[in-house]
Amino acid sequence: MDSMPSGRQSTLDYGLLLRRRGWVVVCGLLIGLVFAYAYIDLTPKSYRSTAMVLVKATEADRGAVAGGRTSSPINLDTESQLVRSAVVAARAQKLLRSPQSPAKLVSHVHVTVPANTSVLAISYQADTASAALQGAHSFAEAYLQNRVEAAKAEVGVQVKSLREQVEERQNELEDWTGKAASLPSSSSDAAYAGAQERVILDQISELNRRLSPLVTADLNPGRIITDAQLPRRPSAPVPLLYLASGLMAGLLFGLIVAVTLERLDRRVLRAEDLERGFDLPVLLKLGAGRRADARAAIPSPESPDGQEFHQLCHALMAKLGAAGRVVLVTGASGGVGTGLVAAGLATALARRGSTVALVCADPRSPSAAWFDLHRDRVPSHTALVATATQAPVVEHSSVDLPHLRVIAAGASGEDPSEIVQPEVAGEFFSALRGSVRYVVVEAPPISVAVETLTLAEYADVALVVAEIPRTSRGEVRESIRRLGRVGLVVAGAAVVPSRRVKRQQKNRQQPQPSLPAPLDSVAAPHHEVSLVTQPASTAGAVNERV
């Protein structure tokens, strides 16, 4: 088979995985949706309300922190932390008259600062809409009250400090004024005292200039520009968010389960499993097929399956060589897949002009029906192998395939393991080798019929049939091992989809017409072939009459 790039092969593998385990992924998605919906339904609803507070600078805000968001002397990052402080929380607790501790109340508060503004967005989350509204409003009010008191305290400290400085300067002024009055006006000391008086007066004037705005300052720290509103719908949980998360989690869970099932699955799921796991070349890969009639088992030469059988003939002839004649086709598991491959291979060889004998050695196979054969008209290969005295009519050919000889399977009640003996089987295959170019033996699975090992001793190469996906890897491994123990070379594998097998099984269940006439009195108007087997002493002499 042609090599395939690793990237393309990986993509193909994942595509096949999704095709086979897609139902697992879909179940994972549904489970994720169910859990997400249950979480949304069972999780307590929470509501959020937001109050917008415009923060104004006061006379107390002189020392602005460098690197603030705006040019205002107020650092809003600091103010947002003050909203969540214990002092503000204690004030909010009194306004709310809440039994919860300040620390618990703070856990419901979230503060943000809109870009390029002097606004604080104070949000409060609660179990009810009214509680969220009251919480947001109370924290906004508590923050503003705290700023007012903090500003008053700061201004009071500054006013007190400035007044004390003014009082000190006035005392100094009185001292220098007394000294100047006691000194002669023309003395240098009097001039110095007068200079000090002027300096102190300037200082007192500066202090009064700084004190005046503080005394008359408007201590408005800001106001609520948008009060908290009653929420109309819960803020959490968010249905869209949790449903999307549930879908993603379900998808991941489904993929993990699908990959795990794929790893644990011991069945042969695709042809590549045989090539990778057993280093066994896949010589035939049948399509699913669409026709449901009996003739669907024998593909036309122009069909894709007919081309597959044509390539299979080339591969097997290369494996057989000039002396090889017998190809054993056996299934790794039970089913009609072996009959499909054996009948198609024998037909393809006959169409090439070679004389071919198809030995249907599986009593459970419907191969005879595909060639218009009926078990009550054509004796089985088991009857031939068991008989070494009389020559029954055991072959059947048709006008469409004159080079093909079909030996029907035994009746379903026969036990091949008790009928087929190695000595007589050797005579049987010797006779076939002398009369036809190729012999295709359709043998039952080696795991359920010991006669397959007897047939394998007289075959040149074997072809193992795997029905996907019913055949397990263990069955393939065991078939290869047992065939190898009798020294038979396994040329390769054939892959048959189970859908095609099911279609053929439907045909198999259809009753075949019964012909009560005895075998020797049945006349075939357009064909008749007999293979004569002599007694054991003269085995090997074959007379063919067409």
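The figures here come from the full heavy-atom set of this structure, side chains too, leaving out hydrogens, waters and symmetry mates.
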Is the shortest side-chain heavy-atom distance between Leu328 and Leu463 below 4.5 Å?
no

In terms of side-chain heavy atoms, does Gln93 have a donor or acceptor partner in Ser98 at a distance below 3.5 Å?
no

Can you confirm whether more than 12 heavy atoms, excluding those of Lys45, are under 6.0 Å from its NZ atom?
yes

Would you indicate whether Glu167, at its atom CD, is surrounded by more than 12 heavy atoms from other residues, nucleotides or ligands within a distance under 6.0 Å?
no

When Val55, Leu82, Thr112, Leu54 are each screened for side-chain contact (heavy atoms from CB on, under 4.5 Å) with Leu120, the one that passes is Val55

Taking the side chain from Ser161 and the backbone from Val157, do they hold a donor-acceptor pair closer than 3.5 Å?
no

May I ask you to check whether over 12 heavy atoms, not counting those of Arg210, lie within 6.0 Å of atom CZ?
no

Mind listing the closest non-hydrogen atom pair of Arg21 and Arg267 along with its distance?
NH2-NH2, 4.0 Å

Around atom CZ of Phe253, are there more than 12 heavy atoms from other residues, nucleotides or ligands closer than 6.0 Å?
no

Between Arg482 and Glu478 (salt bridge meaning N to carboxylate O under 4.0 Å), is one present in this structure?
yes

Does Ser80 use its side chain to pair, donor to acceptor, with the backbone of Asp77 at less than 3.5 Å?
yes

Looking only at atom types and distance, does a side-chain atom of Glu141 sit under 3.5 Å from a main-chain N or O of Ser138, one as donor and one as acceptor?
no

Take atom CG in Asp41; do more than 12 heavy atoms of anything else shown fall under 6.0 Å from it?
yes

Quick one: sort the Tyr39 and Tyr242 rings into parallel, tilted or perpendicular, breaks at 30° and 60°.
tilted

Donor + acceptor pair across side chains of Tyr143, Glu79 (<3.5 Å):
yes

Pair Glu467-Ser333, side-chain donor/acceptor within less than 3.5 Å:
no

